Amino acid sequence: MLFDRRKLLLGGAAGLILPGLGRGALAQGAPMSPAQIGTFPEGVSADSVFVGLNMPLTGVFSGDGKDLRLGYELAIAQINAGGAIPAAWGLKGKGVLGRQIRYKVADTEGKPNVAVQAATQFVQRDKAILFQGSVSSAEAIALEELASRDKVLYMVGIAGSNDVTGKNCQRYGFRSQQNAYMAAKALAPVVAKALGKKLKAAFLVPDYTYGQTVYDSFAKFTKEQGWTQVLKETVPLGTADYSSALLNIANSGADVFVNICFGSDAVASTKQAEQFGILSSMKLVVPNLSSFQDKEVGPELMQGVYGSCDFWWTIQDRYPLAKTFVETFSEKNKYKPRWGAHIGYMQTYLWALSVERAGGFNPVDVIKVMEASKSQPYESTVGRVYFRAEDHQMVRPIPILKGKAPSAMTGPEDFYEVIDVVDGESVMNPPDLFGCKLGSYT
């Protein structure tokens, strides 16, 4: 189902740069980019470009998807308006190279086939110069494949599987969230130090690419810390009744319950785990916290829980751009932005910056700018970041959180203490570890 949110403001860019023109090559002697590829230059008018937004607004991942959407929409509104906030990111004037961003939103329902159908319409009907979004690694992988087939840039939304920038990586896809390996390597030493080195762990694993690769990575790095796995329970995505799996976990003798479920599955499984007495007898660790898991489960159950995330709003004290993001998002939407909103907001700005650095919308030029960003990093809401050329995985800091007791909360949304913000360089996987082969530009 499509939700039209057309943001067309006329004027501004005519005569600044002709629609078909860009830098063509990023370095002297480099081959020229093709004059026509994907939706370029057809999708670039004198005053606007179209961006498609794909995310689940219904289904298991709808909470994260709605938050993601608000982050995209805030960034687009700010970029279109111009002024001090886009200028602080390094953008010039109103819009991107003087062009306003038009967009539509598609509800993917969390299903890869629905996501591909919606993105295909954006490309074929709306001549999208970019499409963004996902709250499922399965969605992200399917959309990456579409992007490289149609030669249209795709920026992954929420997706933690190693496969997204591993065996399923694509030249036209970029991810700003940390992968499962990075999150696990950052989190494992923290929980081992806090909870103990020689512990027994039971895992609840959703059976799709995200769940399996998060399990693989977290099991690996906790084993290196001295933890022993006593049980792995695999459950289908969208499970309603976790009784069988949780009964086995309750009887496993584990010290730690590692819940890898995401979205509403994380909420349902955690509440049911409490009913089985698991949360009173075991420590809970969540390798990747969902955007609203804290609020929907409640601080009584989330206190003392360790996990990683893309962004938590209190790190605004560390980064000026984060402070502006939190303030403007909260003012508009009446709650603190979560992980999803941050991903949508940050990656929209990074795309716009890359287009301006490239001097045009030709996707080959923009890709090459992003691949060269290690030498010219972006200043962002989580500090200095860049995309790795070999696999298009962002190298970025990773916040590690611990749930606060209700009595320690200073406000209704003060759910977590930031234990650490781990340097991204220190937790990166070798570029070839997961079999990434990006493919050609053309």
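Since the structure is predicted, the reported quantities are computational estimates derived from the model, not experimental observations.
- Using modelled atom types, no side-chain atom of Ser308 and backbone atom of Leu187 make a donor-acceptor pair closer than 3.5 Å.
- Side chain of Arg102 to main chain of Ser48: no donor-acceptor pair is present (N/O by atom type, distance under 3.5 Å, no hydrogens or angles).
- Within the 3.5 Å criterion, the main-chain N or O of Asp310 finds a donor-acceptor partner in the side chain of Arg396.
- For Tyr349 and Trp89, the ring centers are positioned less than 6.0 Å apart.
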Throw together a table of side-chain donor-acceptor distances under 3.5 angstrom for residues 397-404, partners on residues two or more places apart or in other chains.
{"from": "Lys404", "atom 1": "NZ", "to": "Asp414", "atom 2": "OD1", "distance (Å)": "3.1"}
{"from": "Lys404", "atom 1": "NZ", "to": "Asp414", "atom 2": "OD2", "distance (Å)": "2.7"}

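- Taking Tyr215 as the reference, Phe203 meet the ring pair (Phe, Tyr, Trp, His ring centres under 6.0 Å) condition, with sequence neighbours excluded.
- Contact record, Ala88 with Leu321: CB-CD2, 3.9 Å, taken as the closest heavy-atom pair.
- Closest approach of Pro287 to Ile260, counting heavy atoms only: CG-CG1, 4.1 Å.
- Annotation: side chain of Asn179 is not in contact with side chain of Asp163 (no heavy-atom distance under 4.5 Å).
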Item to check | From CA spacing to verdict: ring-ring contact (aromatic ring centres under 6.0 Å, His included), Phe276, Tyr242 | outcome: CA-CA 10 Å; Phe276 279 85; Tyr242 294 87; over 10 Å; no

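- Within a 6.0 Å radius of CD in Glu331, no more than 12 heavy atoms belonging to other residues, nucleotides or ligands are found.
- Shortest non-hydrogen contact noted between Leu68 and Gly344 is CD1-N, 3.7 Å.
- Note: Met55 CE to Leu70 CG = 9.0 Å, rounded to the nearest 0.5 Å.
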Item to check | Test log, rule ring-ring contact (aromatic ring centres under 6.0 Å, His included), inputs Trp339 and Phe311 | outcome: CA-CA 5 Å; Trp339 179 346; Phe311 179 86; over 10 Å; no

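- Closest approach of Val164 and Ala159 over heavy atoms only: CG2-CB, 4.2 Å.
- The six-membered or imidazole ring of Tyr103 lies away from that of Phe50, with a centre-to-centre distance of 6.0 Å or more.
- Taking OG1 of Thr165 as the reference point, atom CE of Met182 lies at 8.5 Å (rounded to 0.5 Å).
- A donor-acceptor pair under 3.5 Å is absent between the side-chain atoms of Ser330 and the main chain of Glu327, judged by distance alone.
- Heavy-atom contacts from other residues, nucleotides or ligands closer than 6.0 Å to NZ of Lys295 number 12 or fewer.
- Within the structure, ring pair (Phe, Tyr, Trp, His ring centres under 6.0 Å) contacts touching residues 394-413 (residues at least two apart or in different chains) do not occur.
- Counting heavy atoms from C-beta outward, Leu204 and Ile249 have side chains that approach closer than 4.5 Å.
- Distance check, rounded to the nearest 0.5 Å: CG of Asn54 to CD of Gln117 gives 11.5 Å.
- Residue-environment remark: NZ (Lys332) exceeds the threshold of 12 foreign heavy atoms within 6.0 Å.
- Summarising the geometry, atom CE belonging to Met370 is positioned 5.5 Å from atom CG belonging to Leu153; distances are rounded to the nearest 0.5 Å.
- Interatomic distance, CZ of Arg99 versus CD1 of Ile79, reported as 15.0 Å (0.5 Å rounding).
- With a 4.5 Å cut-off on side-chain heavy atoms, Val267 and Glu296 count as touching.
- A side-chain hydrogen bond (donor to acceptor under 3.5 Å, both in side chains) check over residues 56-68, counting only residues at least two apart or in different chains, returns the pairs Thr58-Asp107, Asp64-Ser291, Asp67-Tyr335.
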Only pairs under 3.5 Å count here: list side-chain donor-acceptor contacts from residues 189-202, not counting sequence neighbours, and write none if there are none.
{"from": "Lys197", "atom 1": "NZ", "to": "Gln225", "atom 2": "OE1", "distance (Å)": "2.5"}
{"from": "Lys200", "atom 1": "NZ", "to": "Gly253", "atom 2": "O", "distance (Å)": "3.2"}

Item to check | Step-by-step side chain to side chain donor-acceptor pair (under 3.5 Å) determination, Tyr72 to Gln347 | outcome: CA-CA 8 Å; Tyr72 286 130; Gln347 69 179 210; 2.6 Å; yes

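- Here Glu139 does not pair with Lys111 in a salt bridge; the nearest charged N to carboxylate O distance is not below 4.0 Å.
- Of the N and O atoms on the side chains of Gln212 and Asp207, at least one donor lies less than 3.5 Å from an acceptor on the other residue.
- Within the 4.5 Å cutoff, the side chain of Leu130 has no heavy atoms near those of the Phe361 side chain.
- Inter-residue side-chain proximity for Leu91 and Glu356 is flagged as met; some heavy-atom pair is nearer than 4.5 Å.
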Checklist entry - Would Arg171 and Ser148 satisfy side chain to side chain donor-acceptor pair (under 3.5 Å), going step by step from the backbone distance to the final call? => result CA-CA 6 Å; Arg171 181 68 67 182; Ser148 277; over 6 Å; no

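- Remark: Ala147 engages Phe131, Tyr154, Tyr172 in a side-chain contact (heavy atoms from CB on, under 4.5 Å) (not counting sequence neighbours).
- Under the 6.0 Å distance and 45° angle rule, Arg357 counts as a cation-pi partner of Tyr378.
- Checking side-chain atoms of Thr328 against main-chain N and O of Phe325 turns up a donor-acceptor pair under 3.5 Å.
- Of all heavy-atom pairs between Tyr210 and Ser137, the closest is CB-OG, 3.7 Å.
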Checklist entry - Step by step, would you call Val305 with Val286 a side-chain contact (heavy atoms from CB on, under 4.5 Å)? => result CA-CA 7 Å; Val305 173; Val286 182; 3.9 Å; yes

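- With contacts defined as side-chain heavy-atom distances shorter than 4.5 Å, the pair Glu413/Arg338 qualifies.
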Item to check | side chain to side chain donor-acceptor pair (under 3.5 Å) between Gln121 and Asp126, worked out | outcome: CA-CA 7 Å; Gln121 288 188 37; Asp126 301 297; over 6 Å; no

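- Heavy-atom minimum distance, Val366 versus Ser354: CG1-CB, 3.9 Å.
- Within the 4.5 Å cutoff, no side-chain heavy atoms of Arg388 are placed close to those of Lys374.
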Item to check | side chain to side chain donor-acceptor pair (under 3.5 Å) between Ser243 and Gln272, intermediate numbers included | outcome: CA-CA 8 Å; Ser243 298; Gln272 291 177 38; 4.7 Å; no

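- A centroid separation of 6.0 Å or more is found between the aromatic rings of Phe387 and His392.
- Using modelled atom types and a 3.5 Å distance limit, the side chains of Gln78 and Tyr345 yield a donor-acceptor pair.
- Atom CD of Glu233 sits about 12.5 Å away from atom OG of Ser269, to the nearest 0.5 Å.
- Looking at Leu246 and Phe257, their side chains come closer than 4.5 Å, going by heavy atoms from C-beta outward.
- In this structure, Asp265 contributes its side chain and Gly238 its backbone to a donor-acceptor pair below 3.5 Å.
- Ser380 places a side-chain N or O within donor-acceptor distance of the main-chain N or O of Val382, the cut-off being under 3.5 Å.
- Using a 30° and 60° split on the angle between ring planes, Tyr181 and Phe221 fall in the perpendicular class, above 60°.
- Formation of a donor-acceptor pair under 3.5 Å by the Ser252 side chain with backbone atoms of Ala254 is found in this model.
- Using a distance-only test at 3.5 Å, with no hydrogens or angles considered, no donor-acceptor pair links the side chain of Glu274 to the main chain of Lys271.
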